[in-house]
Amino acid sequence: MLERSYQAYQEALNYIPGGVDSPVRAFKSVGGVPPFIDRGEGAFLYDIDGNRYIDYVQSWGPLIFGHADPETLDAVCQQAKKGLSFGAPTLLETELAKEIVELFEGVDKIRFVSSGTEAVMSAIRLARGYTGRDDIVKFEGCYHGHSDSLLVSAGSGAATFGTPSSPGVPADFTKHTLLATYNDLESVKRCFEASDNIACVIIEPIAGNMGLVPADEEFLRGLRELCDEYGAVLIFDEVMSGFRAHLKGAQGLYDVVPDMVTFGKVIGGGMPVGAFGGRAQIMEHLSPEGPVYQAGTLSGNPVAMAAGLSVVRRLKEDPDIYKILEARAKGLVGGMKKIADAYGIPLQIEVQGSMFGFFFNDQPVRNFEDAKRSDLEFFAKFHQEMIKRGIYFAPSQFEAGFISTPLDEKLIDETLEKVEEGMKKIL
Ligand SMILES: *Cc1c(COP(=O)(O)O)cnc(C)c1O
């Protein structure tokens with residue numbers, strides 16, 4: 001029953017392009033009406049028709065303690081009463097900066113912004129300003145926000161310079177972006193052979209935007225060596241994986257230290273926050289200390305900082321959370337795999353801390369090409385059956401899933417019952 005959501009969607013379409021403020025929310029790739037949300041509570045979302053969903057999206061990652069978490073709300077409300085924004089420095093910014101710098105090797109200083117997009121865009125500008133070079137290397141299937149130079153798809157040719165993947169992006173803006181293949185070091189070497197002007201290599205070390213596809217440690221080590229050899233900056237985009245895959249993001253799982261890291265999602269606890277940090281000798285090039293310009297009216301917003309600080313401190317106090325959430329994530333996708341096997345449905349599964357992924361695919365998924373070979377039609381049907389049964393998975397095969405602390409084994413068992421019903425129904 002999505003009557004009210006259907007009406008709300010029709011009404012929204014009159015005033016907002018596609019009825020949504022971020023495309024994937026429209027459910028285009030899975031079909032059906034996107035439930036309009038009234039409220040969240042812990043592991044649950046409630047839509048305006050009164051349906052309850054077990055939520056595996058958690059606002060696309062930020063809500064590691066679940067919806068309307070009382071402690072986070074408390075931090076937000078207390079700070080909001082003191083004022084919503086000052087446009088002047090606060091103690092909160094230094095406190096949150098300190099918490100993050102302490103955890104991440106290679107991050108000596110950090111700057112807060114208002115979104116992941118802004119964090120990555122600024123990090124790349126700084127890497128370019130620092131090296132005095134223009135070209136950047138990114139990987140197919142990795143998402144780094146929607147700034148112009150990152151909206152690229154592969155052109156033709158071996159070491160491919162990107163072509164715009166969206167109208168409105170001039171080819172001149174993407175001609176400095178080289179595309180490489182995830183988990184394929186040779187493809188990165190070809191980029192360095194094709195250009196002697198590479199400022200940085202940017203990667204999601206635990207990719208969550210083509211479904212969940214972790215990088216091999218060897219591959220990341222190879223990137224580190226290549227960047228050192230050519231004097232390029234290695235940027236880990238941990239907007240999603242930071243504080244999600246592990247307290248220390250990829251650095252907690254791999255023995256590779258990048259020169260810069262970008263953050264977002266969890267560090268805002270559900271408020272709009274992004275951040276980028278790096279080695280002191282790079283960060284000192286940033287305005288007002290150095291010449292590379294970057295600014296923001298609401299950057300380091302006190303309410304957002306208070307939310308982030310509350311969340312990050314709790315995670316630091318209780319790093320076992322990641323083991324607990326990982327065990328639950330394994331219970332979920334492990335259970336799904338058993339059911340899929342029993343019905344002869346090809347399924348690949350992946351877990352990294354509180355992040356999980358599953359592909360309807362008979363081959364392991366190591367890069368975007370592999371991910372695209374998944375059965376998207378089956379995924380769409382599966383998603384519809386799950387929504388009908390009150391299970392809210394991301395409405396795309398190419399997104400990661402998230403376990404929050406209120407989502408316990410009981411809810412996972414409930415989910416698995418619905419998964420079995422749904423799969424049976426489709427066959
Ligand atoms: C979500 C995400 C971004 C973009 O962050 P926004 O806050 O949506 O602008 C960038 N990089 C990665 C890896 C992300 O997952």
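Every number for a ligand or one of its atoms is a count from 1 in the order of the listing. Side chains included, hydrogens not; waters and symmetry mates left out as well; all remaining heavy atoms used. Sequential numbering from 1 along the given sequence is applied to the chain's residues.
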| request: Could you tell me whether T262 approaches ligand 1 through its side chain, its backbone, both or neither, with non-hydrogen atoms closer than 4.0 Å? | output: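 Neither; nothing of T262 gets under 4.0 Å from ligand 1.
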State plainly whether the residues [X] and [Y] are in salt-bridge range, i.e. N to O under 4.0 Å.
| X | Y | answer |
| --- | --- | --- |
| E326 | R328 | no |
| E105 | K248 | no |
| E193 | R190 | no |

Check ligand 1 against [X] and write out every atom of the ligand that is under 4.0 Å from a heavy-atom position of the residue.
| X | answer |
| --- | --- |
| G116 | 4 (C), 5 (O), 6 (P), 7 (O), 9 (O) |
| S115 | 7 (O), 9 (O) |
| E204 | 13 (C) |

In the protein, what heavy atom is nearest to [atom], and what distance, to one decimal place, separates them?
| atom | value |
| --- | --- |
| atom 8 (O) of ligand 1 | T117 OG1, 4.5 Å |
| atom 1 (C) of ligand 1 | K265 NZ, 1.6 Å |
| atom 11 (N) of ligand 1 | D237 OD2, 2.7 Å |
| atom 3 (C) of ligand 1 | V239 CG1, 3.7 Å |

Taking the inter-plane angle between the rings of [X] and [Y] on a 0 to 90° scale, is it parallel (under 30°), tilted (30 to 60°) or perpendicular (over 60°)?
| X | Y | value |
| --- | --- | --- |
| F356 | F393 | perpendicular |
| F192 | Y230 | parallel |
| F382 | F378 | parallel |

| Modelled atom types, side-chain donor and acceptor of T415 and Y56, under 3.5 Å |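 The criterion, which ignores hydrogens and geometry beyond distance, is satisfied for Y56 and T415.
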| Which of these, W60, Y143, F263, has its nearest heavy atom closest to atom 13 (C) of ligand 1? |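 When every heavy atom of W60, Y143, F263 is considered, Y143 comes closest to atom 13 (C) of ligand 1.
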